[in-house]
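Residue numbers count from 1 along this sequence.
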Amino acid sequence: MELADRAVGFLLSVMSLSIFTYYTFWVIILPFVDDDHFVHKYFLPQEYAILIPISAGVALLCFLSIFVGVVMLKSKKKKA
């Protein structure tokens, strides 16, 4: 089991580092590259650099709110 936990942790670390690197390059470095450069075809338009994190944050906040609400309702039923 310990090996599986290490593999999952390593996979999550690699994924997080790759997403961070991609997003950092997209937001910080890409605006200084010429518009006709070939590297622009590997990235979405700049508007999505704001829309994607905001959408993910709103979805996460909604999920957490629903989760907390369900837990509170279940704990209230156990007391009664």
Side-chain angles (χ1 to χ4, degrees):
M1 187 68 172
E2 183 179 323
L3 184 62
D5 290 342
R6 283 184 179 225
V8 170
F10 180 73
L11 181 64
L12 288 174
S13 297
V14 168
M15 283 179 49
S16 298
L17 184 62
S18 63
I19 290 171
F20 176 77
T21 305
Y22 180 86
Y23 188 77
T24 302
F25 188 81
W26 181 26
V27 172
I28 295 176
I29 297 172
L30 201 62
F32 298 106
V33 178
D34 292 333
D35 289 337
D36 57 346
H37 199 272
F38 77 92
V39 78
H40 277 279
K41 68 180 179 180
Y42 298 111
F43 295 92
L44 293 172
Q46 288 290 323
E47 296 84 32
Y48 291 107
I50 300 297
L51 291 176
I52 291 173
I54 288 176
S55 301
V58 168
L60 180 67
L61 189 63
C62 290
F63 174 74
L64 288 175
S65 299
I66 291 170
F67 177 75
V68 167
V70 168
V71 168
M72 288 175 63
L73 287 174
K74 283 186 178 182
S75 68
K76 189 175 183 181
K77 286 181 182 178
K78 285 184 181 179
K79 287 183 180 180

Hydrophobic clusters here meaning ILVMFWY residues chained together by side-chain heavy-atom distances under 4.5 Å, can you tell me if [X] and [Y] are in one?
X	Y	result
Ile29	Leu44	yes
Phe20	Ile54	no
Phe10	Val8	no
Ile19	Tyr42	no

So if I apply the ring pair (Phe, Tyr, Trp, His ring centres under 6.0 Å) rule between Phe43 and each of Tyr23, Phe38, Phe25, which one comes out positive?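 So, applying the ring pair (Phe, Tyr, Trp, His ring centres under 6.0 Å) to Phe43 and each of Tyr23, Phe38, Phe25, only Phe25 qualifies.
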Just by distance, do the side chain of [X] and the backbone of [Y] share a donor-acceptor pair under 3.5 Å?
X	Y	value
Ser16	Ser13	no
Ser75	Met72	yes
His40	Pro45	no
Tyr22	Leu17	no

Which heavy atom of Leu30 sits nearest a heavy atom of Trp26, and at what distance?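 For Leu30 and Trp26, the tightest heavy-atom pair comes out as CB-O, 3.3 Å.
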What residues, two or more places apart in sequence or in another chain, satisfy side chain to side chain contact (heavy atoms under 4.5 Å, CB included) together with Pro31?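 Listed in chain order: Gln46.
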Salt bridge (charged side-chain N to carboxylate O under 4.0 Å, His left out): pairs with one or both residues in residues 2-14, sequence neighbours excluded: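 Sorted pair list: Glu2-Arg6.
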